[in-house]
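Remarks on the structure that follows.
Labels below follow one simple rule: chain letters A, B, ... track the order of the sequence lines, proteins then strands, and each chain is numbered from 1.
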Amino acid sequence: MRAGANHISTRISDSSELLDSACGLCSNENCLIQKNIHTSSIGKLVKARKEIKCKKGQQFIMEGASVTGLFFLLSGKVKVLRTGLHGKEQIVRFASPGEIIGHRGFGTEETYPISAIALVDCTLCYFSKELLQESLRETPGLTYDFMLFYANELNRSEIRVKSLSQMTVRERVIDTLLYIDRKFGQVNGYSSLLLSRREYADYAGTTEEQVIRMLSILKKEGLLITKGKRIGIADIALLKKEISEHNFYLDS
DNA sequence: CCATTAAGAGTGT
DNA sequence: ACACTCTTAATGG
């Protein structure tokens with residue numbers, strides 16, 4: 001029994017040395033680790049990768065918890081949020097496969113400033129903070145990609161500040177719909193991501209009621225279609241046109 | 001398979 | 001923001 005188990009474990013570690021383990025086979029081209037897989041110094045990091053399965057609705061990052069590492073979303077959909085004063089959620093962003101989650105706690109921070117919750121069943125790749133820091137020091141290509149990523153994130157967050165402070169409710173709801181569409185797309189004419197009206201509100205910075213009302217107005221105007229929770233965009237050109245003067249819909 | 005219940009979508013005030 | 005109705009999804013016999 002014991003001998004058999006040892007035999008299997010050595011075979012697994014041998015094969016992950018030969019092949020760059022799961023990351024080498026991973027088809028996720030958005031992933032920064034995958035992108036730098038050919039750099040030899042990244043091998044140690046890749047071998048220490050932990051795969052975490054996360055069920056729908058499960059929270060895998062808790063606001064205020066101490067930072068131990070960083071997540072890459074392999075498959076699934078995630079919402080990243082900050083909890084406000086009266087228990088109100090402010091959804092900071094949504095994440096699709098390939099994206100980094102928990103990166104704000106990286107660096108000098110001791111605790112995560114955000115929570116992350118799976119919106120559907122997810123698979124996450126987890127890397128410890130220590131190993132990642134080591135890899136960043138040794139792998140300039142990876143570090144450069146990370147820098148670009150952080151710069152891009154900062155840009156997006158600044159755009160969001162403008163959106164939330166300068167757009168009307170109607171524009172923010174439209175902006176949210178277009179953002180979800182850009183990120184997750186449509187299937188059979190309806191958004192592939194099922195969100196509650198509350199979640200739309202939590203991203204758009206309004207209340208559930210305002211979102212519901214706005215959706216029914218937009219529906220009457222023929223810009224949207226709805227079927228239960230499902231929302232479909234009927235006229236994307238007109239929706240884009242409405243917020244075009246803000247130039248916000250250009251970002252991802 | 002149907003009935004009961006809970007959750008979420010709408011609407012008016 | 002609150003209260004209420006209606007619709008849909010989940011549960012359990």
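Going from atom CE of A:Met214 over to atom P of B:dA9 covers 17 Å, rounded to whole Å. Atom NZ in A:Lys56 sits roughly 15 Å away from atom P in B:dA7 (whole-Å rounding). For the pair A:Glu208 CD and B:dG8 P, the computed distance is 9 Å after rounding to whole Å. Here the P atom of nucleotide B:dA9 and the NZ atom of A:Lys219 are 13 Å apart, to the nearest Å. If you measure from atom CG of A:Asp202 to atom C1' of B:dG8, you get 14 Å, rounded to the nearest angstrom. The CZ atom of A:Arg197 sits 14 Å away from the C1' atom of B:dA7 (whole-angstrom rounding). With rounding to whole Å, A:Ile231 atom CD1 is found 15 Å from C:dT8 atom P. Rounded to whole Å, atom C1' of B:dG10 lies 19 Å from atom CZ of A:Arg230.
Side chain to side chain, A:Thr139 and A:Ser41 meet the donor-acceptor criterion of an N or O pair below 3.5 Å.
The side chain of A:Lys229 has B:dG8 as its nearest neighbour among B:dG8, C:dA1, B:dT11. With distances taken from any side-chain atom of A:Arg213 to the nucleotides C:dA1, B:dA9, B:dG10, the minimum falls on C:dA1.
Close to C:dA1, at under 4.0 Å from its OP1 or OP2, lies no side-chain N or O of A:Thr207.
Considering every non-hydrogen atom in both A:Gly69 and A:Tyr126, the closest pair reads N-OH, 3.4 Å.
A:Glu209 comes within contact range of at least one nucleobase, with a heavy-atom separation under 4.0 Å.
Checked for salt-bridge contact, A:Glu51 and A:Arg49 meet the test: a charged N lies under 4.0 Å from a carboxylate O.
Taking the ring axis of A:Tyr203 as reference, the NZ or CZ atom of A:Arg93 does not stay both within 45° of it and closer than 6.0 Å to the ring centre.
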